[in-house]
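First the structure, in the form of structure tokens, and then the observations on it.
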Amino acid sequence: MAYPFIKIEKKWQKYWDENKTFQTPENPDPSKPKFYVLDMYPYPSGSGLHVGHPEGYTATDIIARYKRLKGFNVLHPMGWDAFGLPAEQYAIETGTHPKVTTEKNINRFREQLKSIGFSYDWDREVDTTDPDYYKWTQWIFIQLYKKGLAYLADVPVNWCPVLGTVLANEEVIDGKSERGGHPVYRRPMRQWMLKITAYADRLLEDLEGLDWPESTKEMQRNWIGKSKGAEVDFHIENIDETIRVFTTRPDTLFGATYMVLAPEHPLVPVITNTDNKESVNAYIKQTQSKSDLERTELAKTKSGAFTGAFAINPVNKKAIPIWIADYVLMSYGTGAIMAVPGQDERDWEFAETYNLPIIRTVEVPSNFEGKAYTGDGPAINSGFLNGLHVKEAKAKMISFLEENKFGEGKTNFKLRDWLFSRQRYWGEPFPILHDKNGNSTTVDENELPVTLPEMEDFKPQPVADDDTNPKPPLSRAPESWKYVEKDGVIYTREFNTMPQWAGSCWYYLRYIDPKNSNQLVDGQKEKYWMSVDLYVGGAEHSVLHLLYARFWHKVLFDLGIVSTKEPFQQLVHQGMILGETEYTLYKNASGEPISAESCNGLSQEELDKKGIVGTQINEDDITKSGDYFILKDNTKIRVDARSFKMSKSRGNVINPDDIITNYGADSLRLYEMFMGPLEAMKPWSMTGVEGVNRFLNRIWRLLIKEESGAVLEKVNDDEVSKNQLRELHKAIKKVTEDIEAMRFNTAISAMMIFINEAYKWNTIPKKLIQDFVILLNPFAPHLSEELWTKLNFDRTVAEQKWPTFNEAYLQVDEVEWVVQINGKIREKILTSKNISKEEIEKKVLQFGRIPALLEGKNICKIIVVPGKLVNIVAN
RNA sequence: GCCAGAGUGGUGGAAUUGGUAGACGCGCUGGAUUCAAAAUCCAGUGGGAGCAAUCCCGUGUGGGUUCGAGUCCCACCUCUGGUACCA
């Protein structure tokens with residue numbers, strides 16, 4: 001019989017709610033240390049919570065409850081990232097206002113989170129779509145604007161026709177939108193930009209001090225993409241123009257045999273001669289018509305066109321041909337390069353395609369077989385640089401360029417300014433007014449927020465062609481909203497809205513002071529709570545959210561609003577939870593089973609074409625042979641064993657509500673933590689859930705009479721035995737250390753070991769079990785509170801102190817040594833723990849089979865690892 | 001291609017600084033209980049040889065360092081995530 005988890009969990013959730021058990025006081029006791037533990041707040045989607053959410057949330061909840069018991073003031077809040085495309089798409093499809101859907105979804109999410117028993121301070125909830133919240137998002141934008149960090153610009157943007165909006169570079173992956181995977185095209189548009197590039201160096205440098213996963217820091221470094229080199233001016237033969245190029249390899253200037261401009265480079269029409277005009281224009285047209293997707297897909301072979309013009313290499317005055325090619329991007333560097341095929345793989349490929357000369361300027365190693373050589377070596381064919389290695393040659397060339405005014409040393413970043421406007425309805429309106437001459441100004445700060453107008457039709461409008469600018473939904477807002485009179489001048493409001501990232505750039509600050517109507521956050525409170533001590537969330541935000549939030553935080557730091565350089569001191573990503581492992585048997589068109597290796601590497605399309613169907617089969621029908629699974633009754637047939645990402649279409653989605661109903665919230669929490677390391681990707685297993693549920697039942701039955709619910713007689717006031725004390729303190733030590741290191745799986749295993757031991761005891765002293773119930777509390781808070789009450793202990797677990805372990809209790813009188821001969825275990829021997837090195841050596845040589853095994857051998861050496869192992873080296 | 005991380009039983013995963021590989025859970029096998037089943041409890045469970053004591057093999061592969069390697073070094077293979085002409 002299962003313990004009555006439904007009743008227990010409801011009871012305690014209600015208790016916590018009514019007593020505001022986990023409320024963080026407005027003015028916390030300053031004598032206590034603080035701990036700010038933050039979850040990445042969810043987007044409240046219509047499908048509710050999935051099992052991925054409670055993974056990170058349980059981890060932080062364990063930490064929060066543990067830290068409270070440890071005597072910390074804990075800030076552990078939750079809120080909603082509620083602006084964004086899905087609510088709006090849904091609204092468009094159903095005609096329901098996004099506000100309505102959002103509210104409904106938020107209520108559902110809140111209810112679900114409460115049903116898992118998370119210890120959030122619900123009085124600090126934030127909602128990015130709440131005007132009281134986005135008032136401050138708008139306020140921050142005004143500060144950015146005032147600092148010159150927000151500007152309007154005509155720039156080539158990522159236009160996604162399906163979504164009817166532009167996207168930031170970070171939101172485009174392989175030429176497709178990050179959300180939904182729709183194609184993205186380049187087109188020029190006048191848009192709001194945020195000058196994140198002004199903070200590039202600081203965003204890069206300050207990564208150093210952060211306790212973040214190395215991979216995430218590396219991703220941000222790559223995204224910022226700092227590279228040092230030089231800019232060099234090339235005069236154009238017979239035309240009074242110069243073209244500036246950026247290169248990271250100024251040392252290879254002698255090997256520049258041609259030059260390439262991006263097709264969009266402004267000097268292309270100027271320098272192209274009449275003979276080549278037609279082919280150049282044709283090439284430009286060809287590149288323009290491609291989407292980003294096609295452009296990357298077709299990037300296998302290099303293409304380009306000759307302009308007919310020549311540039312003069314400043315270092316040797318040689319004339320080199322100028323080409324245009326789409327492998328040079330207008331958006332990076334100067335949009336022009338000097339091509340050095342000898343030392344650059346792309347240039348080599350292009351030179352091969354168009355038969356352009358190749359000069360090596362770095363001596364290749366004797367065993368080198370490739371084409372372009374990008375490694376180090378002495379310079380050759382390079383005049384005054386000959387013999388110098390790359391580093392010295394670079395430095396010498398840069399001073400040569402600077403002395404002769406041919407160019408200068410220069411650092412470039414891959415990071416682009418952040419495209420900040422979206423042509424959608426469901427986002428923060430910009431606090432910006434435009435006059436009829438095209439000048440813009442900000443709304444007065446005391447008139448914030450600029451609320452979203454009520455509208456019937458909030459669909460984005462498709463645009464006919466690239467020359468028409470899309471009309472954002474707000475352009476159809478009521479006149480009373482659209483036009484504003486200020487000092488006798490009629491202004492038009494900005495019709496674009498902010499991207500979804502805006503609200504999440506600073507929400508962690510609002511939790512500190514969520515109701516403040518005068519300031520974004522009170523300075524004193526900010527100083528107390530910041531920075532976030534632990535931030536847990538998905539790795540998918542490694543670049544987007546985490547980079548944007550760091551940027552805003554630095555701007556707020558410069559404004560003196562926040563006191564720390566960085567918002568999130570420690571960051572942990574929870575791993576993805578996959579569906580249950582599936583065993584797939586493939587069958588060919590005639591329905592006969594075929595071996596899995598013949599389908600490996602084939603796409604779903606190719607499988608469909610061949611009529612191959614994968615069917616799921618039962619684990620009982622297969623067996624393992626070597627590295628593969630095979631059919632039991634046809635051992636020639638290999639079967640695929642894999643777990644997949646949960647998805648509606650695959651039908652392998654696990655709903656946390658079902659787990660709570662069938663096994664309880666404590667089981668859900670415990671299972672999510674017991675599955676494996678928090679950061680790892682791991683498959684779901686229903687039998688695993690049953691396993692931890694069994695464990696909770698075992699705890700219950702250890703102490704409680706099943707029929708009556710009363711405490712068992714063997715739970716009494718007896719003295720705690722030495723053995724019991726040791727087992728308890730082993731558990732305290734392990735659980736404490738593992739929580740600190742966020743190794744929750746092994747912490748749970750330590751509690752299981754304790755309970756397994758406890759089942760062997762005839763009596764269970766209350767004193768002993770009391771500490772165990774506290775250990776259990778962060779993991780299974782409902783069960784632990786209920787047991788606490790049943791055992792008639794004082795107040796609630798949440799008000800107790802975390803037990804400390806005493807090393808003295810862990811001591812044992814006897815130790816077991818492993819006796820090895822030449823590294824192989826031959827005997828085990830028990831001795832008192834205080835035996836000396838000499839004594840154990842002597843003892844071991846006469847013990848058990850050891851003398852016999854050493855017969856006829858010379859002992860060279862005896863290695864003793866105190867209290868553990870003796871290794872006799874003999875030949 | 002490049003960058004980062006990971007490969008351990010049938011399975012999810014444990015193994016402080018190199019020192020008993022496989023903790024704990026799942027599954028499986030046997031037993032107890034039951035009219036029977038479920039649930040529960042007890043025992044066993046890496047592979048191979050042997051009646052047994054015991055021995056041999058075993059942490060992706062191949063080398064190396066060491067008294068001793070899952071752990072350190074070199075080369076390679078596979079998988080996962082990120083990225084893609086960034087000059």
Side-chain angles (χ1 to χ4, degrees), chain A residues 1-2 173-174 213-219 221-223 225-227 229 245-249 252 260 295-296 299-300 302 325-329 331-340 343-347 349-350 412-416 539-540 542-543 573 575-576 581 619-620 622-624 627 629 641 643 671 674-677 679-692 694-695 697-698 701 706 734 737 741 743 745-753 756 759 816-826 828 849 860-865 868-874:
Chain A
M1 200 171 77
I173 292 160
D174 291 337
E214 198 46 50
S215 59
T216 304
K217 291 207 247 183
E218 194 58 26
M219 263 192 235
R221 281 188 205 110
N222 292 339
W223 193 265
K226 182 175 183 168
S227 55
V245 302
F246 173 71
T247 176
T248 52
R249 293 293 302 275
T252 63
V260 188
R295 212 159 142 167
T296 45
K300 312 280 179 252
K302 301 264 177 295
D326 64 1
Y327 82 91
V328 173
L329 310 171
S331 54
Y332 185 77
T334 59
I337 62 154
M338 62 179 213
V340 190
Q343 275 76 233
D344 186 288
E345 278 157 24
R346 297 151 301 176
D347 294 345
E349 255 183 75
F350 190 83
N412 247 318
F413 291 91
K414 198 177 123 186
L415 183 71
R416 298 273 81 81
E540 67 274 20
S542 293
V543 177
H573 298 304
M576 204 197 312
T581 304
E619 212 183 328
D620 302 339
I622 55 173
T623 182
K624 200 162 187 185
D627 288 337
F629 284 97
S643 15
Y671 176 65
F674 190 61
M675 288 172 87
E679 301 87 342
M681 181 188 279
K682 43 213 174 262
W684 187 267
S685 153
M686 228 29 140
T687 51
V689 180
E690 283 167 18
V692 294
R694 212 167 288 163
F695 166 60
N697 274 311
R698 265 168 77 80
R701 277 197 312 266
E706 283 197 74
K734 184 83 178 131
E737 287 172 355
R743 291 185 301 243
N745 52 334
T746 49
I748 293 166
S749 128
M751 293 190 281
M752 288 172 167
I753 292 169
N756 288 346
Y759 261 79
E816 190 189 45
W817 301 71
V818 168
V819 185
Q820 297 182 332
I821 294 174
N822 292 333
K824 294 200 182 218
I825 300 157
R826 291 299 180 232
K828 289 181 183 179
R849 305 186 293 133
C860 317
K861 199 154 71 162
I862 300 178
I863 290 140
V864 177
V865 181
K868 279 190 176 167
L869 170 146
V870 180
N871 188 12
I872 303 159
V873 187

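So you know, we letter chains A, B, ... as the sequences are listed, proteins then strands, and number each from 1.
Spacing of P atoms, B/U11 relative to B/G27, comes out at 15 Å, to the nearest Å. Taking the P atom of each, B/G70 and B/G9 are spaced 14 Å apart, rounded to whole Å. When the P atom is compared between B/A15 and B/G30, the two are found 33 Å apart, to the nearest whole Å. B/G7 and B/U17 are spaced 24 Å apart, taking the C1' atom of each and rounding to whole Å. For B/C79 and B/G25, the C1' atoms lie 25 Å apart once the distance is rounded to whole Å. Here, B/A69 and B/U59 have their P atoms 11 Å apart, quoted to the whole Å. When the C1' atom is used for both B/G22 and B/U45, the distance is 12 Å, rounded to whole Å. Nucleotides B/C56 and B/A4 have their P atoms positioned 41 Å apart, rounded to a whole Å.
Residue-level contact check: A/S685 touches neither bases nor backbone, having no heavy atom under 4.0 Å from any strand. Counting non-hydrogen atoms under 4.0 angstrom, A/D347 reaches nothing in the nucleic acid. Within the 4.0 angstrom heavy-atom criterion, no nucleotide atom of any strand lies near A/E690. Here A/E737 lies out of heavy-atom contact (under 4.0 Å) with every strand. A/S215 comes within 4.0 angstrom of the backbone, heavy atoms only, and of no base. Here A/S542 lies out of heavy-atom contact (under 4.0 Å) with every strand. Among the protein residues, A/I753 comes within range of the sugar-phosphate backbone only, with heavy atoms under 4.0 Å from sugar or phosphate atoms but none that close to a base.
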**Report entry** Sugar-phosphate or base contact per nucleotide [nucleotides 45-57 of chain B; S, B, -; heavy atom under 4.0 Å]
**Finding:** ---------SSSS

Query raised in the report: Once each nucleotide of nucleotides 6-13 of chain B is scored for protein heavy atoms under 4.0 Å, what B/S/- sequence comes out, 5' to 3'?
Result: ----SSBS

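For A/L869 and B/G68, the CG to C1' distance is 8 Å, given to the nearest whole Å. Atom C1' of nucleotide B/G18 and atom CG of A/N871 are separated by 13 Å, given to the nearest angstrom. The interatomic distance linking A/N412 (CG) with B/A87 (C1') rounds to 9 Å, in whole Å. Atom CE of A/M219 and atom P of B/G81 are 11 Å apart (whole Å). For the pair A/I337 CD1 and B/C85 P, the computed distance is 13 Å after rounding to whole Å. Going from atom CD of A/Q343 over to atom P of B/C85 covers 22 Å, rounded to whole Å. To the nearest angstrom, P of B/G5 lies 13 Å from NE2 of A/H573. In this structure, A/K734 places its NZ atom 9 Å from C1' of B/A23, rounding to the nearest Å.
For the pair A/R416 (side chain) and A/F413 (backbone), a donor-acceptor distance under 3.5 Å is present. For A/K861 (side chain) and A/N871 (main-chain N/O), no donor-acceptor pair under 3.5 Å exists by modelled atom type. No donor-acceptor pair under 3.5 Å is formed between the side chain of A/R826 and the backbone N or O of A/R849.
For the strand RNA chain B, secondary-structure stems (runs of at least three Watson-Crick or G-U pairs, all distances below 3.5 Å) span B:1-7 with B:77-83, B:10-12 with B:24-26, B:27-32 with B:40-45, B:46-49 with B:54-57, B:60-64 with B:72-76.
Each of A/F246 and A/D627 has a nearest nucleotide on RNA chain B; the 5'-most of these lies closest to A/D627. Where A/T247 and A/T687 meet RNA chain B, the nucleotide closest to each residue was compared, and A/T687 sits on the side nearer the 5' end.
A/T746 pairs by the side chain to side chain donor-acceptor pair (under 3.5 Å) definition with A/D738, not counting sequence neighbours. Shown here are the side chain to side chain donor-acceptor pair (under 3.5 Å) partners of A/K217, two or more places apart in sequence or in another chain: there are none. Annotation: salt bridge (Lys or Arg N to Asp or Glu O under 4.0 Å) contacts of A/K226 (sequence neighbours excluded): A/D201. In this structure, the ring pair (Phe, Tyr, Trp, His ring centres under 6.0 Å) partners of A/W684, at least two apart in sequence or on a different chain, are A/Y671. Residues forming a salt bridge (Lys or Arg N to Asp or Glu O under 4.0 Å) with A/E690 (at least two apart in sequence, or on another chain): none. The side chain to side chain donor-acceptor pair (under 3.5 Å) check on A/N756 picks up A/R698, with sequence neighbours excluded. Taking the salt bridge (Lys or Arg N to Asp or Glu O under 4.0 Å) definition, one finds that A/E737 meets it with A/K733, sequence neighbours left out. Applying the salt bridge (Lys or Arg N to Asp or Glu O under 4.0 Å) criterion to A/D347, with sequence neighbours excluded, gives no partner residue. Listed by chain and number, the residues in a side chain to side chain donor-acceptor pair (under 3.5 Å) with A/T623 amount to none (sequence neighbours excluded).
The shortest distance between the side-chain N/O atoms of A/R698 and the OP1/OP2 oxygens of B/C41 is below 4.0 Å. Contact annotation: A/N756 side-chain N/O to B/G25 OP1/OP2 distance is under 4.0 Å. Contact annotation: A/R694 side-chain N/O to B/U40 OP1/OP2 distance is under 4.0 Å. Contact annotation: A/K868 side-chain N/O to B/G19 OP1/OP2 distance is not under 4.0 Å. Residue A/R221 has no polar side-chain atom (N or O) positioned under 4.0 Å from OP1 or OP2 of B/C3.
Picking from B/A4, B/C85, B/A84 the nucleotide with the shortest atom distance to the side chain of A/W223 gives B/A84. For A/V873, the side-chain atoms get nearest to B/C67 when compared with the rest of B/G19, B/A87, B/C67. When the nucleotides B/A87, B/C67, B/A15 are ranked by their closest atom to the side chain of A/S227, B/A87 comes out on top. Considering only the side chain of A/E218, B/C3 comes nearest among B/G25, B/U20, B/C3.
Taking the six-membered ring where the residue is Trp, A/F246 and A/Y332 present perpendicular rings, their angle passing 60° and hence far from 30°.
Shown here, B/G47 is classed anti by the O4'-C1'-N9-C4 or O4'-C1'-N1-C2 angle, which is more than 90° from 0.
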Query raised in the report: Are A/K302 and A/E349 close enough, and set up right, to give a salt bridge (charged side-chain N to carboxylate O under 4.0 Å, His left out), and what steps lead you there?
Result: CA-CA 7 Å; A/K302 301 264 177 295; A/E349 255 183 75; 3.7 Å; yes

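Note that CD1 of A/I862 and CD1 of A/I821 are 10.0 Å apart. Values are rounded to the nearest 0.5 Å.
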